[in-house]
J.: 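There's a structure below that I have some questions on.
Within every chain, numbering begins at 1; the chains are lettered A, B, ... in the order of the sequence lines, protein sequences first and strands thereafter.
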Amino acid sequence: MWQGHNNILANIKAELRNIIIGAIDKAKEDGSLKIENLPDFPVQKPDQPEYGDLSTSLALMLAKEAKMAPRKIAGTIIDCIDDNKLIQKIEIAGPGFINFFLTDDWLHDLLKTIHDKKEKYGESDVAKGQKAQVEFVSANPVGPLNVVSARAASVGDSIANLLKAIGYEVERESYINDAGGQVNTFARSLEARYRQIMGDDVEFPEDGYHGAYIKELAQELIDDFDCELHQKSEEERLGFFREEGLQRMIQGQKDDLSNFRVVFDVWASEKSVRDSGKVNHVIQYLKDNGYTYSWEGAVWFKSTLFCDDRDRPAIKSNGDVTYIVPDWAYHLDKSQRGFDKVIDLWGPDHHGYINRMQAGMQALGLSPEWLEILIVQQVNLLSKGQAVRMSKRAGQFVTLKQLVDELTEKVGHEFAVDVARFFFQMRSTSSHLDFDMDLAIQQAEANPVFYIQYAHARICSIFRQAEEQGIDRCNSNDVNLGLMSTLEERELMKKLSEFPDTIQDSALDREPHRIARYLQDLASTFHSFYNKCRVLDADNMDMTKARMFLVSCVQITLKNGLSLLGISAPTSM
RNA sequence: GUGCCUGUAGCUCAGAUGGAUAGAGCGUUAGACUCCGGAUCUAAAGGCCGUCGGUUCGAAUCCGACCAGGCAUACCA
């Protein structure tokens, strides 16, 4: 089974399921229930505490086959359940739900487990021994990273964290599109700005990159390489701008990302893929296997043989390969590096390329499941309520750096990154996102991340107070957890128990926003508890110790969850 | 035209495998602790879950057809 031994909730569900199956068998034997086979039935947390700790709709599912009323089936099942230490009380409710009220032992086991596991609480070994790679923020290096990349960076980094938490060995990689026509356009744009700064009356190329950053970069290069630039021919200079300019843009992207707490293990380069001969190898392989044909001066790949709705050009009529070919070569290289699973995060504008990518992978002999391509949905740029078409060419965009800088002015650098990352990770990756810089800054202080962080800081504060009063933290042997029986205390413990499942679901579905959601829930449950139950009470040291134990488990879980999202857990705010 | 994403409270969004009275934040209204941090808590108001069919004991969830918004759409990357 995939439940780790530290997933108490999963264990308790499995145990309850076995008890129910045992009861069904017994009912079948004595003839009180007539069914052939047992369907896969849910054992889940009901949405109201008064419906118990766990619940099943099994009786409803069996009604048809057993030809009995669901409530009657429920009664039959309950009659066949032997006394056991797990269950305190069972009720039949509504149309035939069986609601289980459990004794609190499992909640106490849970707290001890959290306390033991500390920063490992929530992790599992579902994917133990497997290697995964996450490729994200694969942007053109001809401009600074924008807010679209900021979203991708947040999401990709967290997906990598989540995969690691379920046992994968994970590598983060970014692919630089430092080859192809755009790179020449970039160089020509720099050259034009260079000459303009030098006083030449040259026109800026219409298809060039109009953003102000090109002008700044040209000036920077003039400052650093003035004399050398003069001596070069125009052709030499273009080559220089291409090399040096790209290097600086790429370095800028790396700096922006590391400021955003996103660090890649590998930066792969399209140019080196092209230079390596792997591209020719791929073309040759496709030709040799009869996957290509010539038509109208171009070489076409028969992607319709696989999963595409039309064939795709692989070599243009001018002799250059289309951009997909180095991408195939690049992914073939990934497979040779021994990854069991490769996940690519793409923007929605590349959606149409998924099929031809996968078709190529299949032609190259890779299984369709090996490469998983996720679309991180679009970010619509808004300015003063009006949609702005983002365009690198036109210089119309908001950069990652701008976002972090402006948030830093408002809330400081540490919180700026927290606010931005949470902002992007609150929503599912499939939802379209309207981004308004002014609004984002204005609402920075209202960001829900502070609600979560406040819960953590509050707990830290309790422990500071305790220390001042000379109350020690204690281990599980000296504490009577059974003292905690109020609704708020039990709800808080139950919420803590959901963390491992949340990580697993979130990781397997590649949806980090569920962690964000969970943390808001947990913080909310904690704040309610805090307002109802006083932790430090000099007149009741046993209760104080029990609640301190609980609260430290909340602290651990909050911190682990925030860390998955790349967000800090401040001890004070 | 075709493919994909989206449509849930005034706004921004959650609702895995179908389950009980569809949730949260913001906003609105009314309240709370002379005591652990008020960046908190409690409560109220607010809904044809885009529309119409289908499957099911049961549908926001699955299927089909529509409607609306967005993105992509054969040799840019």
Side-chain angles (χ1 to χ4, degrees), chain A residues 40 42 44 46-48 51 55-57 60-61 63-64 69-70 93-97 99 138-140 142 177 179-183 185 207 270 295-300 303 308-318 320-324 326-327 347-356 375 377-378 380 387 426-434 439 443 445-448 450-455 457-466 469 501 504-506 508-509 511 513-514 516-517 520-521 523-524 526-537 544 547-548 551 572-573:
Chain A
D40 188 25
Q44 56 196 177
D47 48 8
Q48 308 271 340
Y51 292 148
S55 168
T56 183
S57 57
L60 293 150
M61 299 169 77
K64 196 169 192 176
F97 291 96
N99 293 336
S138 295
N140 291 334
V142 296
N177 298 121
Q182 58 186 343
V183 172
T185 307
D207 65 342
E270 179 182 347
W295 186 62
E296 289 194 348
V299 176
W300 293 70
S303 49
D308 208 352
D309 52 358
R310 61 166 51 104
D311 293 340
R312 306 292 176 175
I315 303 177
K316 303 182 210 173
S317 34
N318 70 5
D320 291 345
V321 293
T322 57
Y323 102 106
I324 192 80
D327 229 1
D349 50 334
H350 287 64
H351 185 273
Y353 295 84
I354 292 178
N355 284 344
R356 75 189 71 170
I375 296 296
Q377 269 301 336
Q378 66 204 71
N380 301 315
M426 282 165 64
R427 19 182 72 77
S428 73
T429 49
S430 62
S431 80
H432 300 208
L433 165 63
D434 288 337
L439 214 59
Q443 292 179 347
E445 284 155 324
N447 191 295
F450 292 127
Y451 181 79
I452 300 164
Q453 291 179 318
Y454 182 62
R458 208 173 208 184
I459 293 167
C460 295
S461 172
I462 294 173
F463 285 117
R464 281 193 296 270
Q465 294 255 349
Q469 295 173 27
D501 277 349
Q504 272 171 15
D505 293 347
S506 195
L508 294 173
D509 293 344
E511 290 278 19
H513 80 276
R514 293 203 198 141
R517 206 80 204 174
Q520 289 188 76
D521 273 359
S524 166
F526 166 75
H527 285 308
S528 295
F529 155 85
Y530 179 89
N531 273 271
K532 195 74 183 287
C533 305
R534 200 184 158 78
V535 177
L536 302 179
D537 181 357
T544 298
R547 285 181 173 161
M548 277 175 71
V551 153
S572 66
M573 296 172 71

J.: Separation of A/Asp434 atom CG from B/G69 atom P, in whole Å?
T.: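 The distance from CG of A/Asp434 to P of B/G69 comes to 16 Å, rounded to the nearest Å.
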J.: Send over the distance from A/Asp309 CG to B/U2 P, rounded to a whole Å.
T.: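 Roughly 13 Å, once rounded to whole Å.
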J.: In whole angstrom, give the distance that lies between atom CD1 of A/Ile354 and atom C1' of B/C71.
T.: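 Going from A/Ile354 (CD1) to B/C71 (C1'), I get 12 Å.
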J.: In whole Å, I'd like the distance from the CE atom of A/Met426 to the P atom of B/U12.
T.: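 Distance check: A/Met426 CE to B/U12 P gives 12 Å.
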J.: Report the distance from atom CZ of A/Arg514 to atom C1' of B/C13, rounded to the nearest whole Å.
T.: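 It is 15 Å, rounded to the nearest whole Å.
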J.: Write down the distance separating the P atoms in B/A60 and B/C49, rounded off to the nearest Å.
T.: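 Nearest-Å result for B/A60 against B/C49 at atom P: 8 Å.
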J.: Between A/Asn531 (CG) and B/U40 (P), how many Å, whole number?
T.: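 Roughly 10 Å, once rounded to whole Å.
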J.: For the side chain of A/Arg458, counting heavy atoms from C-beta on, which of B/C71, B/C76, B/U40 is nearest?
T.: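 So the side chain of A/Arg458 is nearest to B/U40.
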J.: Atom pairs under 3.5 Å, N or O on each side, protein against nucleotides 45-47 of chain B: can you list them with distances?
T.:
none

J.: Please give the distance between the P atoms of B/A14 and B/C62 as a whole number of Å.
T.: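 Straight-line distance between the two P atoms is 15 Å.
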J.: Is there a donor-acceptor contact under 3.5 Å linking the side chains of A/Ser55 and A/Asn99?
T.: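 Note: A/Ser55 and A/Asn99 side chains meet the donor-acceptor criterion.
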J.: Walk along nucleotides 18-28 of chain B from 5' to 3' and tag each nucleotide B, S or - by protein heavy-atom contact under 4.0 Å, base first, then sugar-phosphate.
T.: -BBB-BB----
J.: I need the minimum non-hydrogen distance between A/Phe97 and A/Ser57, along with the two atoms involved.
T.: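 Minimum heavy-atom separation between A/Phe97 and A/Ser57: CE2-CB, 3.7 Å.
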J.: Looking at A/Ser461, I'd like to know whether one of its side-chain N or O atoms comes within less than 4.0 Å of OP1 or OP2 on B/G37.
T.: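 Affirmative; the distance criterion is met.
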J.: Is it the case that B/C71 (base atoms only) and A/His351 (side chain only) share a donor and an acceptor within less than 3.5 Å, ignoring hydrogens and angles?
T.: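 No, no donor-acceptor pair under 3.5 Å.
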J.: Rounded to whole angstroms, how far apart are CD1 on A/Ile459 and C1' on B/A39?
T.: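 A/Ile459 atom CD1 is separated from B/A39 atom C1' by 15 Å.
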J.: Both distances under 3.5 Å, Watson-Crick or G-U wobble: on that basis, could you give the dot-bracket string for RNA chain B, with [ ] for crossing pairs and | for other-strand partners?
T.: (((((((..((((.....[...)))).(((((.......))))).....(((((..]....))))))))))))....
J.: Between A/Asp509 and A/Arg514, is there a side-chain N and carboxylate O pair less than 4.0 Å apart?
T.: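 Here A/Asp509 pairs with A/Arg514 in a salt bridge, since their nearest N and O are under 4.0 Å apart.
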J.: Please determine, for the side chain of A/Glu296, which listed nucleotide (B/C75, B/A16, B/A74) has the closest atom?
T.: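 Of the candidates, B/C75 comes closest.
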J.: Under 4.0 Å between a side-chain N/O of A/Ser430 and OP1 or OP2 of B/U6, yes or no?
T.: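 Indeed, a polar side-chain atom of A/Ser430 lies that close.
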J.: Distance from A/Trp295 atom CH2 to A/Ser317 atom OG, nearest 0.5 Å?
T.: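 Between atom CH2 of A/Trp295 and atom OG of A/Ser317 there are 11.0 Å.
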J.: Given B/A72, B/U6, B/A14, identify the nucleotide with an atom nearest to the side chain of A/Ser431.
T.: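 Nearest nucleotide to the side chain: B/A14.
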J.: From the options B/U12, B/C36, B/U42, select the nucleotide whose nearest atom is closest to the side chain of A/Ser528.
T.: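 Of all the options, the side chain of A/Ser528 is nearest to B/U42.
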J.: Find the distance A/Lys532:NZ to B/A32:P and express it as a whole number of Å.
T.: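 Between P of B/A32 and NZ of A/Lys532: 17 Å.
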